[in-house]
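Residue numbers run from 1 in the order of the sequence given.
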Amino acid sequence: MKKGMRSYMKWMKKIASGALALLLAGSLTACGGDTSWAYRSGDDTVTSGMYIGLSINALNTAYSLEGFDNTKTPFQQKLEGEDAVQWLKEKTEELAREYLAVEQKFDEMGLTLAENEVNGVSATVELYWTTLGMGTSYTDAGCGKESFTKIYTNSAKRGRLFQTIYGEGGEKEVPESELKTIFANDYAKGTYFTVALTDKDGNALTGADLIDKKEEAQKLADRIAGGEDIEEVKAEYNGTDKSDDSSVVIQRSNENLTAGGTAIVKGKAGESGMVTDDKYAYVYLVQDPLSGDTFENYRSTVLQNLKGDEFNETVAEWAAAVTLEENAASLRKHSPKHLKSLL
């Protein structure tokens, strides 16, 4: 493994991935001045610990930049044509502004998180902090659970703002009919099960054995085509209890599908059949993606895909308008350059 990727994997093991990868230090005060906070705007504050967390989030973002050289660490190359430390400072300020903007807009709109949202935040924090043992890593690195929770809560508030604006009754509500049309066009739904075309050691069947297995799979498909419930046929074949619904939902743009998945994507609702690849015969039934509660389960995903970029641009506009008070001493002390030692 090359050095840059090796350092990245080392780092990700320490902090976990994605938006949750936030190292959150507690308040610090030095003889040179109060460095317990980095930014303030009105009654809202980005503490020094939160600033460190946001700078690490910015560092993670660097790895996904177009043109990023995975043979090097972020500090060993230009980031979007800029010195790495300068880029990270600017990105961290951008994230801090967005944090403050979301806090202010959330209060301005008189919103509160629902009980299930609050519980969701708590459960996720506990998952990372306790169950996955990340709390020890954070503590050893000088991070604070309270700071982590504040930033993750801000993410939940951001999600609520999105739903308030684009969801039912929102200022820019997207009609349900439009979402359903998009969902039906972009997603396929179906149920399938497999019949192995290999022996118990995983070797491909040949000759009469292969023909027999394919015929067995075809007979199962014929039963479904004749009107039998695929869940009953599937349970009988697998020797398991019948499932109420074992259907899968597949994004039509997915190019990495099994033969069964491809058949579902290409088929029309109500069609059934049997297809094979080198290892399996897939017995399948194509279903209407709008059947059952499938759409409700994917409503938020469809809405996010449709309006997520627009909302991010709106948040960026709010952030640009934030009146920001900077703590120069804290920003110097917690410069992203110190993250070099963590790679």
Side-chain angles (χ1 to χ4, degrees), residues 17-22 38-46 50-51 53-68 74 78-82 84 86-113 117 120-121 150-183 185-187 251 253 298-326 336:
S17 61
L20 295 175
L22 304 172
Y39 295 114
R40 287 197 297 224
S41 181
D43 295 330
D44 299 302
T45 301
V46 172
M50 292 164 67
Y51 178 82
L54 293 172
S55 68
I56 294 171
N57 202 29
L59 180 63
N60 290 331
T61 301
Y63 284 94
S64 61
L65 290 176
E66 184 176 353
F68 183 83
K78 297 283 187 180
L79 300 178
E80 296 186 318
E82 271 194 293
Q86 183 59 33
W87 186 91
L88 288 168
K89 286 180 179 179
E90 293 171 1
K91 186 64 177 179
T92 305
E93 179 180 333
E94 175 188 321
L95 296 177
R97 281 183 172 275
E98 290 188 358
Y99 172 91
L100 293 167
V102 166
E103 291 292 313
Q104 292 173 4
K105 185 61 66 172
F106 193 83
D107 291 341
E108 177 185 318
M109 296 182 70
L111 300 176
T112 56
L113 292 176
E117 292 170 316
V121 170
K150 284 181 179 179
I151 293 181
Y152 194 79
T153 299
N154 184 263
S155 296
K157 290 180 178 180
R158 184 170 178 141
R160 169 54 78 87
L161 282 166
F162 176 81
Q163 290 295 333
T164 300
I165 293 171
Y166 295 104
E168 184 177 357
E171 176 186 348
K172 299 181 179 180
E173 176 183 358
V174 180
E176 182 176 282
S177 58
E178 181 179 346
L179 294 177
K180 284 185 174 181
T181 297
I182 293 171
F183 181 67
N185 288 336
D186 292 352
Y187 292 84
Q251 198 160 12
S253 61
Y298 280 81
R299 177 197 287 265
S300 61
T301 299
V302 175
L303 184 59
Q304 183 66 47
N305 290 341
L306 180 64
K307 293 295 184 179
D309 288 344
E310 179 181 309
F311 179 67
N312 288 339
E313 290 175 3
T314 298
V315 173
E317 291 174 2
W318 296 342
V322 166
T323 300
L324 201 64
E325 179 184 358
E326 298 182 357

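Atom OG1 of residue Thr301 and atom CZ of residue Arg299 lie 11.5 Å apart, to the nearest 0.5 angstrom. One finds the CD atom of Gln86 at 13.0 Å from the CD atom of Glu80 (value rounded to the nearest 0.5 Å). Atom CG in Leu303 sits 9.5 Å away from atom CD in Glu178 (nearest 0.5 Å). The NZ atom of Lys150 lies 6.0 Å from the CE atom of Met50; values are rounded to the nearest 0.5 Å. In this structure, Ile165 CD1 and Met109 CE are separated by 5.5 Å, a value rounded to the nearest 0.5 Å. Note that OG1 of Thr181 and CD of Glu176 are 10.5 Å apart. Values are rounded to the nearest 0.5 Å.
Between Trp318 and Leu161 there is a side-chain heavy-atom pair separated by less than 4.5 Å. Here the side chains of Tyr39 and Asp44 are not in contact, with every heavy-atom distance at 4.5 Å or above. A 4.5 Å side-chain heavy-atom check between Lys157 and Leu111 finds every atom pair outside the cut-off. A 4.5 Å side-chain heavy-atom check between Glu93 and Glu90 finds every atom pair outside the cut-off. Two residues are said to be in side-chain contact when any heavy atoms from C-beta on lie closer than 4.5 Å; Pro336 and Leu59 fail this criterion. A 4.5 Å side-chain heavy-atom check between Glu103 and Asp43 finds every atom pair outside the cut-off.
With respect to Glu94 and Arg97, no salt bridge is recorded, no charged nitrogen being found less than 4.0 Å from a carboxylate O.
In terms of heavy-atom proximity, Ala62 sits nearest to Trp87 at CB-CZ3, 3.9 Å. The two atoms that bring Thr45 and Tyr99 nearest to each other are O-CE2, 4.0 Å, heavy atoms only. For Thr92 against Ser55, the heavy-atom pair with the smallest separation is OG1-CA, 3.1 Å. What you find for Leu54 and Leu95 is that their closest heavy atoms are O-CD1, 3.4 Å. Phe106 approaches Leu113 most closely through the heavy-atom pair CZ-N, 3.8 Å. Looking at every heavy atom in both residues, Ala156 comes nearest to Val121 through CB-CG2, 3.7 Å.
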Tabulate below the donor-acceptor pairs under 3.5 Å that side-chain atoms of residues 306-313 make, not counting sequence neighbours, or state none.
unit_1 : atom_1 : unit_2 : atom_2 : d
Lys307 : NZ     : Glu310 : OE1    : 3.4
Glu310 : OE2    : Tyr166 : OH     : 2.8
Asn312 : OD1    : Arg158 : NH2    : 3.0
Asn312 : ND2    : Gly308 : O      : 3.4

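More than 12 non-hydrogen atoms from other residues, nucleotides or ligands lie less than 6.0 angstrom from CD of Glu325. Around the CG atom of Asn185, the shell of radius 6.0 Å holds more than 12 heavy atoms that belong to other residues, nucleotides or ligands.
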Exercise. Under the side chain to side chain contact (heavy atoms under 4.5 Å, CB included) criterion, do Phe68 and Leu79 qualify, and how do the steps go?
Worked result: CA-CA 7 Å; Phe68 183 83; Leu79 300 178; 4.1 Å; yes
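Side chain of Ser41 to main chain of Leu324: no donor-acceptor pair is present (N/O by atom type, distance under 3.5 Å, no hydrogens or angles).
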